[in-house]
Amino acid sequence: QKVSIVTFPIMLVLIAIAKPFIFVLLSVKWMEAVLFFQLLCFASLFAPLFVLNINALNARGESKLTFTVEIIKKILIILSVVICFQFGINTMLWGYVFANFASYLISILFLKNNLKHYIKHQITDFMGAVFIGVFIAICDFSLSFIINNNYLLLATQMLLSIVLYIGIIKLFYNELYNKSIGFINKKLFGRTE
């Protein structure tokens with residue numbers, strides 16, 4: 001859950017702020033790459049959870065299962081490229097998104113059989129993170145209808161994202177918030193409180 005609380009909001013926010021982000025970071029010449037960037041972020045949504053599932057299987061000595069899951073993932077990615085390549089880069093990236101999501105679902109099925117960690121448990125684990133990410137992303141995207149300057153828009157979106165994220169974490173995940181603040185204080189200031 002802690003992994004998804006970080007990764008889902010970050011990826012969803014990156015999808016929402018992709019246009020000003022690409023404009024400011026790479027200039028107007030790269031604006032055609034916005035959709036590519038968004039699709040790659042979308043494909044990466046479940047990557048950390050996939051890795052956690054693989055690590056959970058490895059921890060139980062199920063290296064054969066993890067090897068099988070990894071092979072299936074590679075096959076799905078190759079198939080998506082081969083099938084979708086003829087339809088253009090956008091379709092190929094959508095195929096890559098599907099391959100990554102399907103690989104994650106397959107890893108859940110293997111984990112379910114081995115650890116009895118059912119699909120509904122994994123879904124409930126990350127649904128909160130999805131709602132947080134979607135809410136912040138919608139708020140960020142809404143600013144694009146108000147602010148025209150890309151530099152100001154990106155700065156405002158990033159500031160809003162940070163404020164909303166910290167506020168939501170403090171409100172709904174207070175224990176995680178306190179641990180994070182304690183960790184930051186310890187690393188930056190040498191304090192334990």
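Since the structure is predicted, the reported quantities are computational estimates derived from the model, not experimental observations.
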| message | With a 4.5 Å cut-off on side-chain heavy-atom distances among I, L, V, M, F, W and Y, is there a chain of contacts connecting V82 to I72? | response | no
| request: Provide the closest heavy-atom pair for I5 versus Y165 in the form atom of the first, atom of the second, distance. | output: O-OH, 3.0 Å
| task | Check whether any side-chain heavy atom of I89 lies under 4.5 Å from a side-chain heavy atom of L93, and answer yes or no. | result | yes
| Taking side chain as C-beta onward, heavy atoms only, is L76 less than 4.5 Å from I106? | yes
| query | How far apart are the closest heavy atoms of V34 and K19, and which atoms are they? | reply | CG1-CG, 3.8 Å
| remark: The reported gap from CE in M11 to OG in S44 (rounded to nearest 0.5 angstrom) is 5.0 Å
| request: Looking only at non-hydrogen atoms, find the nearest pair between F141 and A16 and report the distance. | output: CD1-O, 3.8 Å
| message | Less than 4.5 Å apart, side chain to side chain, heavy atoms only: is that true for N90 and F36? | response | yes
| task | Decide yes or no for C139 and L160: does some side-chain heavy atom of the first lie under 4.5 Å from some side-chain heavy atom of the second? | result | yes
| query | Does a sphere of radius 6.0 Å around CD in E175 hold more than 12 heavy atoms from other residues, nucleotides or ligands, not counting ones at 6.0 Å or beyond? | reply | no
| said: I'd like to know if V134 and V163 are part of one continuous hydrophobic network [Ile/Leu/Val/Met/Phe/Trp/Tyr, side-chain heavy atoms within less than 4.5 Å]. | reply: no
| note | Here the pair of heavy atoms bringing G95 nearest to S80 is O-CB, 3.4 Å
| request: Please confirm whether the backbone N or O of I17 pairs with a side-chain atom of Q157, one donor and one acceptor, at under 3.5 Å? | output: no
| task | Step through the shown structure and confirm whether more than 12 heavy atoms of other residues, nucleotides or ligands are within 6.0 Å of CZ on F135. | result | no
| message | Any heavy-atom pair between the side chains of L35 and Q38 that's under 4.5 Å? | response | yes
| request: Apply side-chain contact (heavy atoms from CB on, under 4.5 Å) to the pair N100 and K73, showing each step before the final yes or no. | output: CA-CA 7 Å; N100 277 276; K73 180 179 180 179; 3.6 Å; yes
| task | Identify the heavy atoms of A137 and L12 that sit nearest to each other, and give their distance. | result | CB-O, 3.6 Å
| Whether over 12 other heavy atoms sit under 6.0 Å from F23 CZ | yes
| task | Mind checking the CZ-CG spacing from F98 to L79? Nearest 0.5 Å is all I need. | result | 10.0 Å
| task | With rounding to the nearest 0.5 Å, note down the distance linking CG in L39 to CE in M92. | result | 11.0 Å
| field | 4.5 Å side-chain heavy-atom contact, L154 and F21 | value | yes
| said: I need the L65 CG to N58 CG distance, nearest 0.5 Å. | reply: 9.5 Å
| request: Could you check if a side-chain atom of V69 sits within less than 4.5 angstrom of a side-chain atom of S103, using non-hydrogen atoms only? | output: no
| How far does CG of L164 sit from CG of D140, to the nearest 0.5 angstrom? | 7.5 Å
| S63 to T66 - nearest heavy-atom pair and separation | O-OG1, 2.8 Å
| Sub-4.5 Å side-chain heavy-atom contact between L14 and F37 | yes
| Distance from I136 atom CD1 to F8 atom CZ, nearest 0.5 Å? | 13.5 Å
| query | Has N148 got more than 12 heavy atoms of other residues, nucleotides or ligands less than 6.0 Å from its CG? | reply | no
| message | Do L109 and I75 land in one hydrophobic cluster if side-chain heavy atoms of ILVMFWY residues count as linked below 4.5 Å? | response | no
| query | Does the separation of the ring centres of Y96 and F101 fall below 6.0 angstrom? | reply | no
